[in-house]
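First up is the structure itself, then whatever we jot down about it.
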Amino acid sequence: MVQGETLDGVGGSRPLYLYSRPVGTTHFAKFSRHQLVALTDRASYDTVWQVVAVDPGQRGVSEGVQIMAGAPFLLQHCATKQDLCLENHSFVNDLGSQLEVSAHSSFSKGQKSVCDMERMGRTQRQLDKAEGEPNHWTFLTGKTVATLPMTSDQGEGAQALIKIIAQSADAGPGGWVGLKHKLLHLDVDGSGAVNAEDLSVALRHAGLCLNGGELQLLARQWPTVHSDQVDVLALVQAIEKAFCTDY
């Protein structure tokens, strides 16, 4: 797809398909490391999905039945049998703070499923595992494609990104102390200014791969005399503040 091409309900000049593929060394979701989900203009079996009922016991009898708008269902990837999943991992892009979407069957807690099924007269031995709410989706009706809201507060987006960096640093190799040392080590001339590309490499060691828009957001929030550089000292202070607040 050409950057800047206008999309509509059918994907612009070339239809776009929702695709996924098994987790590999080069294909995985950015934060959860689950199965990657993205859009492509190439139709293949990786783009085939099926709608299935939320209740495992009703999937056989409900096959081919029409689904009402607003009713919950699962969107299952036919090739891998993994369900479309809304992860609890947020990130910042040009549209603001977003949640990651992957292909991962998130099963609900056993006791809750047992209680729900026993109310319907089914014993525990008859129970099938039911996917949790992160896998539940609905169809909405409308004449036009909804417009995604643009973020109006640059500072709010930057702070959300800082919080994600702090969380990733804690889980990464060396923890926050190790990442702090790498960031400060980038300031070789003592000016406090580092290139965005060097910053990206350092953050990658914490397991966080930032795109160009996210790096520009940091550069605008903690600027230097050069537009492609970041005030690393102010950035470290902001990450440390977010880290201390959360932990």
Side-chain angles (χ1 to χ4, degrees), residues 1-7 28-34 36-39 85-102 134 145-247:
M1 183 179 67
V2 179
Q3 185 176 1
E5 179 184 356
T6 302
L7 297 180
F28 51 83
K30 184 175 181 180
F31 297 102
S32 64
R33 298 297 192 267
H34 291 152
L36 175 67
V37 170
L39 295 174
C85 179
L86 183 65
E87 301 283 357
N88 191 26
H89 298 276
S90 60
F91 62 96
V92 179
N93 59 18
D94 293 339
L95 301 176
S97 181
Q98 308 290 314
L99 291 176
E100 183 179 63
V101 176
S102 70
V145 178
T147 301
L148 295 174
M150 298 294 289
T151 177
S152 59
D153 190 349
Q154 173 183 318
E156 181 181 350
Q159 292 302 325
L161 181 57
I162 286 297
K163 186 174 181 180
I164 295 173
I165 294 175
Q167 293 172 348
S168 299
D170 182 55
W176 161 238
V177 175
L179 177 61
K180 180 180 179 181
H181 177 76
K182 287 184 175 66
L183 293 177
L184 295 178
H185 188 68
L186 295 175
D187 185 19
V188 294
D189 58 359
S191 65
V194 300
N195 293 327
E197 292 183 0
D198 295 335
L199 177 63
S200 176
V201 173
L203 292 175
R204 200 172 298 144
H205 287 285
L208 187 64
C209 299
L210 301 187
N211 57 38
E214 292 167 340
L215 291 172
Q216 291 178 7
L217 183 61
L218 295 179
R220 290 195 300 267
Q221 185 66 17
W222 292 279
T224 63
V225 293
H226 301 286
S227 59
D228 61 341
Q229 292 184 336
V230 181
D231 186 345
V232 71
L233 300 179
L235 178 64
V236 167
Q237 292 178 355
I239 299 175
E240 192 163 30
K241 182 179 179 180
F243 182 82
C244 296
T245 302
D246 291 341
Y247 301 97

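Worth saying up front: this structure is predicted, and the values here are computed from it rather than measured.
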Which distance, rounded to the nearest 0.5 Å, do you find between the [atom1] of [X] and the [atom2] of [Y]?
X: Ser32; Y: Leu86; atom1: OG; atom2: CG; result: 10.5 Å
X: Leu203; Y: Lys182; atom1: CG; atom2: NZ; result: 11.0 Å
X: Phe31; Y: Asn88; atom1: CZ; atom2: CG; result: 12.5 Å
X: Lys241; Y: Ile239; atom1: NZ; atom2: CD1; result: 13.5 Å
X: Gln221; Y: Leu218; atom1: CD; atom2: CG; result: 8.5 Å
X: Glu87; Y: Arg33; atom1: CD; atom2: CZ; result: 11.5 Å

Taking only residues two or more places apart in sequence or in another chain, which ones pass side chain to side chain contact (heavy atoms under 4.5 Å, CB included) with [X]?
X: Leu186; value: Leu183, Val194, Asp198, Ala202
X: Ala234; value: Trp222, Asp231
X: Ala193; value: Ser191, Thr224, Gln229

Side-chain heavy atoms of His34 within contact of Cys85, under 4.5 Å: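 The answer is no; the side chains never approach within 4.5 Å.
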Do the charged groups of Lys180 and Glu240 touch, with an N to O distance under 4.0 Å?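 Glu240 and Lys180: salt-bridged.
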Mind listing the closest non-hydrogen atom pair of Gly192 and Asp187 along with its distance?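 That would be N-OD1, 2.9 Å.
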